[in-house]
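Beneath this line is the structure, given in structure tokens, with notes to follow.
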Amino acid sequence: MSLFSSLSVSASGLQAQRTRAELLVENLANAETTRTPEGGPYRRKDTVFSAEPVASPFGSVFENEIGAQGTGVRVSDVIEDTSAPEKRYLPGHPDADAQGYVAFPHINPAEDMVDLMSATRSYEANVAAITAVKDMISHSIDLLR
Amino acid sequence: MLDPVASSIERYMDLLAARQKLVTSNIANAETPGYRTMDIDFEREFRSMVAGAQPQAVEVPGLPVNHDGNNVSLDREARLLGENALRFNVAETLLKSELQTMREAISGGGGTT
């Protein structure tokens, strides 16, 4: 039944948007972080989404037979911002260089907040899709009553 | 199955389910770069579905494309999501009454369970 794989498609959307929201929150939390295990300031992370066919564990073989394949989404890559860090003149800071400048992450909190809103809305859209499909499934089950 | 009407309804519901799957795919990929909105030509597919063919997903023409090559319109998908669910309810009600008729015939019209 193809309605069940619709649930997998929406679930992949939920998963992807959740991952994105987690990274955005991480960016916001580390907007002023000057030390990381890799050395240097924190670097802004972002997700790359790519479309891919979903395989529901049970129905995959059958679904492949009947076409109209659902296309889910997945986080294919997490990219780090490679732009130059922002230098601020703070001579008293323990991470200041010889000239007294400290490298801060190149993070614009407004940009991350807007992306976070977008991720939240997309998450909600996927939840709405799940609700609609779930209603269709339960109506089909009602046929048997 | 039961009779031509019931099997038409059944195919209608199959097609709605296939379409709903494409709508959920479009929503899930609303922010995937390069993804294009997919849908089925409902009327054409319904006619060929009755003949026993499988639905073909096609790209939807005429939607404005984003700067990243994505052309999913969440408004369009939200409308279709609701519309499909409502159509499915209608079909389900019709099929239910068909089954009810069949049940009455089986029990000889002597009341239903």
Side-chain angles (χ1 to χ4, degrees), chain A residues 1-17 20 47-54 56 59 63 65-77 115 118-119 121-145, chain B residues 6 9-10 13-40 45 49 53-58 68-70 72 74-75 77-78 80-100 103 113:
Chain A
M1 172 114 185
S2 72
L3 276 176
F4 285 100
S5 52
S6 303
L7 291 179
S8 310
V9 171
S10 292
S12 77
L14 292 180
Q15 175 73 50
Q17 296 298 343
R20 182 176 171 215
T47 47
V48 178
F49 288 169
S50 61
E52 67 162 21
V54 290
S56 67
E63 295 300 336
E65 291 299 313
I66 65 163
Q69 182 85 359
T71 309
V73 61
R74 119 189 131 84
V75 177
S76 59
D77 205 2
D115 280 358
S118 155
R121 294 291 168 264
S122 301
Y123 191 89
E124 282 167 8
N126 281 295
V127 170
I130 286 184
T131 312
V133 172
K134 213 175 64 187
D135 283 352
M136 281 167 78
I137 293 175
S138 60
H139 277 112
S140 317
I141 293 169
D142 277 350
L143 278 175
L144 303 173
R145 296 215 175 112
Chain B
I9 297 174
E10 189 194 336
M13 289 169 88
D14 273 347
L15 210 50
L16 283 171
R19 191 178 207 195
Q20 197 71 314
K21 187 157 80 171
L22 291 173
V23 171
T24 56
S25 296
N26 292 340
I27 292 177
N29 283 291
E31 292 178 43
T32 305
Y35 180 86
R36 295 305 173 101
T37 304
M38 301 299 278
D39 199 0
I40 51 179
E45 293 295 347
M49 273 292 270
Q54 293 302 336
Q56 278 300 312
V58 290
D68 61 357
N70 184 305
V72 176
L74 271 184
D75 298 324
E77 305 309 324
L80 280 176
L81 192 69
E83 186 185 315
N84 285 340
L86 283 176
R87 281 171 186 254
F88 200 84
N89 279 0
V90 172
E92 186 254 349
T93 311
L94 289 172
L95 192 55
K96 213 169 185 173
S97 77
E98 282 280 309
L99 288 170
Q100 191 63 32
R103 236 177 247 165
T113 50

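This one's a predicted model, so the numbers in the text were calculated from it and none came from an experiment. Chain letters run A, B, ... following the sequence lines, proteins first and then strands; every chain starts at 1.
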Taking every heavy-atom pair that is under 4.5 Å apart, which of A:S10, A:A132, A:A51 has the most such pairs with chain B?
A:A51
Looking at side-chain heavy atoms only, is the closest gap between B:F88 and A:L3 below 4.5 Å?
yes
Of the options B:N29, B:T24, B:N26, which is the one that meets A:V9 in a side chain to side chain contact (heavy atoms under 4.5 Å, CB included)?
B:T24
Of A:N126, A:I130, A:V73, which is the lone residue that meets side chain to side chain contact (heavy atoms under 4.5 Å, CB included) with B:I27?
A:N126
Residues in side chain to side chain donor-acceptor pair (under 3.5 Å) contact with A:S122, at least two apart in sequence or another chain
B:E31
Measure across [X] and [Y] and return the closest heavy-atom pair with its distance rounded to 0.1 Å.
X: B:N84; Y: A:M136; value: O-CE, 4.3 Å
X: B:Y35; Y: A:T71; value: CE1-CG2, 4.1 Å
X: B:R103; Y: A:L143; value: NH2-O, 4.2 Å
X: A:G13; Y: B:A28; value: CA-CB, 3.9 Å
X: A:D142; Y: B:K96; value: O-CE, 3.7 Å

What pairs with B:V90 under side chain to side chain contact (heavy atoms under 4.5 Å, CB included), at least two apart in sequence or on another chain?
B:L94
Interatomic distance, CG@A:D135 vs CG@B:L86, rounded to 0.5 Å, equals 10.0 Å
Rounded to the nearest 0.5 Å, the NE2 atom of A:H139 sits from the CG atom of B:L95 at a distance of 13.0 Å
Tell me, for B:L74 versus chain A, whether the close heavy atoms (under 4.5 Å) come from the side chain, the backbone, both or neither.
side chain
So, the part of B:M13 with a heavy atom under 4.5 Å from chain A: the answer is side chain
Region of [X] that comes under 4.5 Å of a non-hydrogen atom in chain B:
X: A:T47; value: neither
X: A:A16; value: neither
X: A:R20; value: side chain

